[in-house]
Number of protein chains: 2
Amino acid sequence: MKRSSLEYALLGLLRQKPQSGYDLRKAFASTPLRHFSDSPGSIYPALRRLQVRQWVSAAAENGSRRRRQEFIVTSAGARALVAWLRQPVTRDDVIWRLDELVLRFAFLDGNVDRPDSLRFLEEFEQDLAGYVHELRQFEKDFDPQHRSTTGYMAFKHGVDSYQNELQWVRHVRKEFAEVLS
Amino acid sequence: MKRSSLEYALLGLLRQKPQSGYDLRKAFASTPLRHFSDSPGSIYPALRRLQVRQWVSAAAENGSRRRRQEFIVTSAGARALVAWLRQPVTRDDVIWRLDELVLRFAFLDGNVDRPDSLRFLEEFEQDLAGYVHELRQFEKDFDPQHRSTTGYMAFKHGVDSYQNELQWVRHVRKEFAEVLS
DNA sequence: GTGCACATGTAATGTGTTACATGATTAT
DNA sequence: ATAATCATGTAACACATTACATGTGCAC
């Protein structure tokens, strides 16, 4: 069940617009975001996996003689994407897969309805707030003497990063809540 | 040459204090930070690799009859760690390996001198500032209509994250510069 | 005497990275 | 003509994850 986030990223992009592997590579290369490699060695095999799983289907384009295949998301693929988006947000997601949560957020639009989006953000905020609280607790308890200075600073910076993330989620959630009411 | 950051994380921790694989696992499990798994399947093989490369040496402990081996960093290992820390910071590091840069920062203490630390921070700030500028540029240029709303928000959030990171680096660099002068 | 923490490992699997490879079309 | 871009792929390699496996010492 646990698929790589690259596969979902491809699926999400293909939902927005059917395109070729090359197009997707360019999207990753030009979009300054999201840490997906534009190397053919990652994207083409991933597309192949999606195709085998029948989450996308390939249509050979013959507009030009140049070889090129566009991928489109099948209905099964769309269901899989929505299921991924609708998954409950867990504490582990917040700790280990924060990037994936942001990716899920990015694809909410057009794939799930507003109540679902709001629920996603509420869970996100809840778990993130809980984790930030834990980190603050840990920060208070531990003895700064035992750590190196830069080590301690790096730790505090980590906590601040999560705090910033939390502020963003709160802000976004409020926006969503307003529009809904 | 490109070693996994897990290996350097282990090396850095072992430099701070010789300890066993189990101790390191506990450190990863209890420290709420840095996304290293505490699974034996990652740590023990990594230690083995370090040992084969002679960056650490294992000393069997026989204080108790319980089996346990402590690892200590060899001089070659220490040199490798320092070489890793002293590497120039590149744009690619900033984009693809930000976490590794923070990890390097955490281990500066006790391994490189202040001028080297300062140089690290200067390069970090430079490259990060350049990248943030690029992102802002990209943000201005592209057409918000073509993207989904949440997609656009996620992008802006990404930029903000980098901006926050930059602020932190600037702040830390100033602290370091003051102490040095 | 049973369960828990200590302590170390291996095997299967999936997947990302890098490098290599091929060929078509367009621009200069 | 030749370089750049379009377009797709494979192979080798390293690595992380997960699950499984084994055994010791201590506390209750």
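The model shown is predicted, which means the values in this text are computed figures rather than measured ones. Proteins get letters first, then strands, A, B, ... in listed order; numbering begins at 1 in each. Heavy atoms only: backbone and side chains are in, while hydrogens, waters and symmetry mates are out.
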For a quick check under 3.5 Å, do A/Trp84 and A/Glu100 share a side-chain donor-acceptor pair by atom type? yes
What is the separation between atom CG on B/Asp38 and atom C1' on C/dC6, rounded to the nearest whole Å? 14 Å
Is the NZ or CZ atom of B/Arg114 both under 6.0 Å from the centre of the six-membered ring of B/Phe176 and within 45° of that ring's axis? yes
Does the distance from a Lys or Arg side-chain N to an Asp or Glu carboxylate O, for B/Asp160 and B/Arg136, drop under 4.0 Å? yes
Length of the line joining B/Gln19:CD and C/dA7:C1', which is rounded to integer Å: 14 Å
Would you tell me whether A/Ser161 and A/Asn164 have side-chain atoms, one donor and one acceptor, within less than 3.5 Å of each other? no
N-O pairing of B/Arg170 and B/Glu175 below 4.0 Å: no
Protein-proximity profile, nucleotides 8-17 of chain C, B/S/- by nucleotide at the 4.0 Å heavy-atom cutoff, equals BBB----SSB
